[in-house]
Amino acid sequence: MHDHTTAEAIYPFDARGIARRFRHSAIFGALDALHPGETMRFMNDHDPLPLLSQIEMRYGDGVAIEYRQREQGAIIIDFLRQ
């Protein structure tokens, strides 16, 4: 089990630089690559509510979702692989 509190176990993912048509598949690929205890720190310009629903349906309790920043134009969410 990895220690998700260390910088080595937090992987940044900036969705703003990915073409919209590829974003969800890229995000799911990144989440699938995480080991238990690792975190993907997701950055976006809008609140991805449909994506969060898809993640909850696909992973259930396997991925914890925690907002780190939730402001207009600046969203940061930690996805912790359980």
Side-chain angles (χ1 to χ4, degrees):
M1 184 101 164
H2 296 283
D3 179 3
H4 73 280
T5 60
T6 65
E8 297 84 38
I10 298 176
Y11 300 97
F13 187 102
D14 192 341
R16 299 169 293 189
I18 299 172
R20 288 190 185 268
R21 64 184 282 201
F22 301 125
R23 281 186 189 171
H24 284 206
S25 59
I27 293 163
F28 291 132
L31 289 172
D32 289 342
L34 291 177
H35 295 276
E38 293 181 329
T39 297
M40 181 175 81
R41 180 153 293 159
F42 173 85
M43 291 152 277
N44 205 7
D45 56 2
H46 66 277
D47 203 349
L49 297 177
L51 172 67
L52 298 182
S53 294
Q54 291 175 356
I55 289 172
E56 288 176 355
M57 288 177 57
R58 182 172 177 155
Y59 298 100
D61 292 338
V63 173
I65 299 169
E66 179 184 345
Y67 279 90
R68 307 293 289 181
Q69 181 176 345
R70 195 174 192 182
E71 299 172 11
Q72 177 104 8
I75 302 295
I76 299 175
I77 303 171
D78 279 354
F79 296 107
L80 170 61
R81 187 69 175 200
Q82 305 286 4

Identify, with sequence neighbours excluded, every residue that meets salt bridge (charged side-chain N to carboxylate O under 4.0 Å, His left out) alongside [X].
| X | value |
| --- | --- |
| R20 | none |
| R68 | E66, D78 |
| E56 | none |

Kindly write out the residues that satisfy side-chain hydrogen bond (donor to acceptor under 3.5 Å, both in side chains) with [X], not counting sequence neighbours, or none if the list is empty.
| X | value |
| --- | --- |
| D14 | R16 |
| R58 | D32 |
| H24 | Q54 |

Q | Name of the residue among L34, I10, I65, T39 meeting side chain to side chain contact (heavy atoms under 4.5 Å, CB included) with L80 | A | T39
Q) Is L49 reachable from V63 through a run of hydrophobic residues whose side-chain heavy atoms are each under 4.5 Å from the next? A) yes
Q: Give the cluster check for Y11 versus I55: same hydrophobic cluster or not, with ILVMFWY residues linked at side-chain heavy-atom distances below 4.5 Å.
A: yes
Non-hydrogen atoms of [X] and [Y] that approach each other most closely:
| X | Y | answer |
| --- | --- | --- |
| Q69 | A74 | NE2-CB, 3.3 Å |
| A64 | Q82 | CB-NE2, 3.0 Å |
| A9 | G37 | CB-O, 4.3 Å |

Q: Could you identify which residues cluster with M57, counting Ile, Leu, Val, Met, Phe, Trp and Tyr as linked when any side-chain heavy atoms lie under 4.5 Å apart, either directly or through a chain of such contacts?
A: none
State, yes or no, whether a side-chain contact exists between [X] and [Y] at a heavy-atom distance under 4.5 Å.
| X | Y | answer |
| --- | --- | --- |
| L52 | I77 | yes |
| M40 | L31 | yes |
| I75 | R70 | yes |

**Q.** All side-chain contact (heavy atoms from CB on, under 4.5 Å) counterparts of A26, not counting sequence neighbours
**A.** F13, I18
Q) Which residues satisfy the side-chain contact (heavy atoms from CB on, under 4.5 Å) test with Q72, sequence neighbours excluded? A) none
Q: Any ring pair (Phe, Tyr, Trp, His ring centres under 6.0 Å) involving residues 47-79? Give me the pairs, sequence neighbours left out, ordered by first then second residue.
A: F42-F79
Q | Straight-line distance of L51 CG to R23 CZ, nearest 0.5 Å | A | 10.5 Å
